[in-house]
There are 2 protein chains.
Amino acid sequence: MEIQGLPGRLLAALGPAIASGELPEGTVLRAEELEQQHGVSRTVVREAVRILESMRMVEPRRRVGTTVRPKADWDVFDPLVIRWRLAGADRSAQLRSLGSLRVAVEPAAAALAARCADDDDRRELSALAVELTVTARAADLEAFLAHDIAFHAVVLRASGNEMFAHLKDTVGAVLTGRTEHRLMPHRPREYAVQLHREVAEAICAGDPERAERAMRTIVLGALEELDATLPD
Amino acid sequence: MEIQGLPGRLLAALGPAIASGELPEGTVLRAEELEQQHGVSRTVVREAVRILESMRMVEPRRRVGTTVRPKADWDVFDPLVIRWRLAGADRSAQLRSLGSLRVAVEPAAAALAARCADDDDRRELSALAVELTVTARAADLEAFLAHDIAFHAVVLRASGNEMFAHLKDTVGAVLTGRTEHRLMPHRPREYAVQLHREVAEAICAGDPERAERAMRTIVLGALEELDATLPD
DNA sequence: CGCTTGAATAAGTCATACCTTTGCGCCAAG
DNA sequence: CTTGGCGCAAAGGTATGACTTATTCAAGCG
């Protein structure tokens, strides 16, 4: 999954540093310096820089050096960029963006899922809805989170749209982030759990409007909570 | 914008070949072969392969070679991957996915824009709505396309959500693709143009519901047309 | 004052040598 | 005949030195 080897390590050092603003826009990174600072060879430095270039986070220019590009140019949909931003300074901005994205995508995915889901999807959704109810009652936050992530992943996958499906890790990262960082309510709200059941039922019943409405309520609620609790 | 130099050329050869299915899942690429086939050095091959790895299109494994990963693993939001797929065999599937994505995102973006757009945004939107009307009447498809792309880009940007804003190139690619490939109506439909004016007016008037509704009608119409005219 | 030209610099490329991991076959023991 | 481990070889991974190319900057010339 991760980039392997030394270039991966270098990437794990440079990416977060850039994403967090520690290396702000316009900073020049010279290959030779990176070699020495990190004790690796040119080969390694070049490969790491190439990857950052493909994410549009840096731009190598001859006779000048490799300069950090403005944040607006970055490939904000790249999973690594998202992770780095979530770990760093503009974690709040990233969560807000992702929140809005969820509000747009997940209801549409739920509606599609109500049309396209196969029997396995429906079974899995029903089972996960039950699990959510149980773990919420038991106030088992860890298990609840896992099932919540799985639930949204199944909805996204069942939509039959590959691009929606690929947002599962992103949504998972958001859910994980909010459970870890700001404290979820000591036990998940019964209302939220009920909405998840509603989504599962609507998808199983093949009712797109109901599925979409319930899912929209879920993600809008999450976004509101986010806005209410985020610091800046 | 593009990846530079020899690695860029190699990438431009490998990426489309993989995206089009010419090099199907499981194909092994050996570094030495790539060197000879393309007349480049190890360095170049490794950098290109690294980038493909970061897109999760290939997976290098020692003693085995670099194998092409299943399509489901690819980073489908990466602009290069999108472009390659649009140019290749599953152009239809890609257009469908993007169509659904637009249906989800653009109405939400329009609603946000009606809340967040600044005066410059509103002015620009109004101007573009006029341009659209004029070029549509003149049946100047090329100019119409350019303004259409600009229009949607402004809405996405005015939403204030960086992730939405970054979808502008993607949306642009879709619009370009449908104009180029399948033949748009000889002159843009007056109804569609009117809807664009409606979106612009609603955003200028700060009416999120109206903006969202009009935009949804636009992208739903585009998706229907797509489904109707796509081959497979 | 502006244009040209050249030198310095940093990235880009190549070739080579060597390291590290790992799949697979061979052989021996059960 | 099966099974386990040992070792080789194949392929990617890393390091390095030499060289190329593009680009900036400035000095010098018209």
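Here is how names work: the chains are called A, B, and so on, in the same order as the sequence lines, proteins then strands, and each is numbered from 1.
- Protein atom NE2 of A/H38 is 17 Å distant from nucleotide atom C1' of D/dT14, rounded to whole Å.
- Straight-line distance from the CZ atom of A/R63 to the C1' atom of C/dT9: 5 Å, rounded to whole Å.
- No hydrogens or angles were tested; on distance alone, nothing pairs the side chain of A/R50 with the base of C/dG12 as donor and acceptor under 3.5 Å.
- Using a 4.0 Å cut-off between charged side-chain N and carboxylate O, A/R50 and A/E47 make no salt bridge.
- Counting any heavy atom pair closer than 4.0 Å across all strands shown, A/L29 reaches sugar-phosphate atoms only and no base atom.
- Along DNA chain D, the nucleotide closest to B/R30 and the one closest to A/V64 are compared, and the more 5′ of them pairs with B/R30.
- Regarding A/R46, its CZ atom lies at a distance of 15 Å from the P atom of D/dA15, rounded to whole Å.
- Taking atom CG of A/L6 as the reference point, atom P of D/dG12 lies 17 Å away to the nearest angstrom.
- As rounded to whole Å, 9 Å separates atom P of D/dA15 from atom CD of A/E35.
- A straight line from CZ of B/R62 to P of C/dC24 spans 17 Å, rounded to a whole angstrom.
- For DNA chain D, no neighbouring residue in residues 8-19 of chain A is found when judged by any heavy atom under 4.0 Å.
- Across all strands shown, A/R42 has heavy atoms under 4.0 Å from base atoms, whether or not it also approaches the sugar-phosphate.
- The phosphate of D/dA15 has OP1 or OP2 within less than 4.0 Å of a side-chain N or O from A/S41.
- Taking only side-chain nitrogens and oxygens, B/R61 never comes nearer than 4.0 Å to OP1 or OP2 of D/dG13.
- If you take CD of A/E47 and P of D/dG12, they are 13 Å apart, rounded to a whole angstrom.
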